[in-house]
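Notes follow once the structure below has been shown.
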Amino acid sequence: MKKRSITFYALSNFQSLLDDMVVPAERALHEAIQVSPLVHSDEAKKQKVENLLKEMRLSAATVRRIKEVFISEMNKGIHQQPSSLQMENTYIPELIDGTEEGQYLALDLGGTNFRVLLVELQHGKIMREKVKKYEIGSHLRIGSGYPLFDYLAECVSDFVINEGLQDTELPLGFTFSFPMVQHALDIGMLVTWTKSYNCPDVVGKNTVQLLREALARRGDTKVKVNAILNDTTGTLIQGAMSDPKTAIGLILGTGSNACYVERADRVEHWEVERHGEKEVIVDIEWGAFGDNGVLDFIKTDFDRENDANSILVNSFTFEKYIAGKYLGEIVRVILARLYKDGLFLSSKVTPNALLTPGNLTTDLVSHIEQDTVDGGKKNTVEVLSKFGVTIDEDDINVVQYVCEVASNRAALLVSICLAYLLERINKDDISIAVDGSLFKHHPRLETWMYKYIRLLAPGRKFKLVLAEDGSGKGAALVSAIAQRLQRRID
Ligand code: ADP
Ligand code: MG
């Protein structure tokens, strides 16, 4: 009896010792992730607004839990168990090594514009680059996929013939920024269309093959498609060209995704013969993180409404918390709720424009956030005036507060995942190549990300490096890597 109580005492003492160690770290995290309090002339209203947004402000414990869920989903995904993280093998086992030479084509489909690029490499560096944008009419984006692929081939021909290169053998890297399952570096099966595309007969098919067949039907060029990738992978490779420490690619634009350099022995899904690869780029496809419900503990009513107003309901859960396509809508949904609760806008006129889904775009959030950085209100007034509403000082503060809370949560969520990736890759110094207008233009996202990643991955050395146009140049670079690998095997 006595013995047991001594053991109990020792254990509880040990526990309190542990608590003493954990609590300061937890407290530091808790303090660091606080947003500035709302400034308001009416204390009761201030409390109500802050309360309504309480669930949008993550606690330190929630942050830890998100990290645990992310780790668990990554491990399940990589071991091919059911997971919301696809952890797709890209079959890119090496970065640029400085030996790449010659001309490479790239095709970029799935971003804001469809483009064809020609890139000239010397010693693994881009010496010359030519780009042409093409329109893809909505009639091609919806319906049978064959006219779409015929059109892609037509654009490639147009570009190549204009360059006078129709008789030159040209390798092409195809950036196809849609979810796909890869069986090899040049085999990508479309899982589902997203964005404004929907050609059902392409789903489940190898889009490289469709492009090759369309090029062959024309027969007017010597283009050889040798790699398929998405914009995230292209961004990592593009970043690695100028910074060999690059081991993570990140997209924060319309959507969000990340990829990273993984140890090859951890990757189970590998359908082609291995050639002693030590590493390989894994595309996490984190836009869908939480689609199986594992992140429901952070979902607020605002997120549910944002989801309901989106095109692909119940999917791309994580992306909907953070990406450019949705951040403005989250802010709008919150403001609409505050208006309905009598906590925002006192004018008698119904703010119809603000109550309409899609009307508050993320660039406006950036614009308002700039005011908070400058301690001003000019941009906030300008944005609200577009919605035709009369505002007072409290309304300005409420809008700025909501933009801060929503943006801050996005920064924190991205940082939790990046901090874990730094741990997982476990190299001395890691550069994260980032592309996307949200990252580029939001006035505070980058600063917050540095702060949170440092806190969540203490002692890890890292850099966030803007790598623009990974979906273009990156694809040409991947095509060059693919050619190098092929020559080695031949
Ligand atoms: P894509 O993701 O289509 O390749 P971008 O990286 O340019 O293209 O991202 C475009 C998206 O970025 C837009 O949909 C918008 O949501 C967001 N965005 C555009 N401008 C800004 C801005 N000033 N601040 C924040 N987000 C922006
Ligand atoms: Mg892009």
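In each ligand, atom 1 is the first atom listed, and ligand 1 is the first ligand listed. Positions are given from 1 along the sequence. Only a predicted model underlies this, so the values are computations on that prediction, with no experimental measurement involved.
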query: Using a heavy-atom cut-off of under 4.0 Å, does the side chain or the backbone of S437 touch ligand 1, or both, or neither?
result: both
statement: Short version for K325: what comes under 4.0 Å of ligand 1, heavy atoms counted, is backbone
message: If you apply the rule side-chain hydrogen bond (donor to acceptor under 3.5 Å, both in side chains), what do you find for T232 with T235, and how did you get there?
response: CA-CA 5 Å; T232 319; T235 299; over 6 Å; no
Where the closest heavy atom to [atom] is concerned, which of [options] has it?
{"atom": "atom 23 (N) of ligand 1", "options": "H441, E369, K195", "value": "H441"}
{"atom": "atom 13 (C) of ligand 1", "options": "L252, L445, L438, T254", "value": "T254"}
{"atom": "atom 25 (C) of ligand 1", "options": "G328, S366, S256", "value": "S366"}

message: Ring centres under 6.0 Å, that's the criterion: do W193 and F176 meet it?
response: yes
field: Atoms in ligand 1 flagged as close to G324, the criterion being non-hydrogen separation under 4.0 Å
entry: 16 (O)
- request: Name the closest protein heavy atom to atom 3 (O) of ligand 1, giving the residue it belongs to and the distance to 0.1 Å.
  value: T112 OG1, 2.7 Å
query: Quick one: does N292's side chain have a donor or acceptor within less than 3.5 Å of a partner on S83's backbone?
result: no
query: Do E404 and S36 get their side chains close enough for a donor-acceptor pair, meaning under 3.5 Å?
result: yes
- prompt: Will you find, in the side chains of S366 and D363, an N or O donor that is under 3.5 Å from an N or O acceptor?
  reply: no
- prompt: Has K205 got more than 12 heavy atoms of other residues, nucleotides or ligands less than 6.0 Å from its NZ?
  reply: yes
- prompt: Mind checking whether G253 has an N or O less than 3.5 Å away from an N or O of ligand 1?
  reply: no
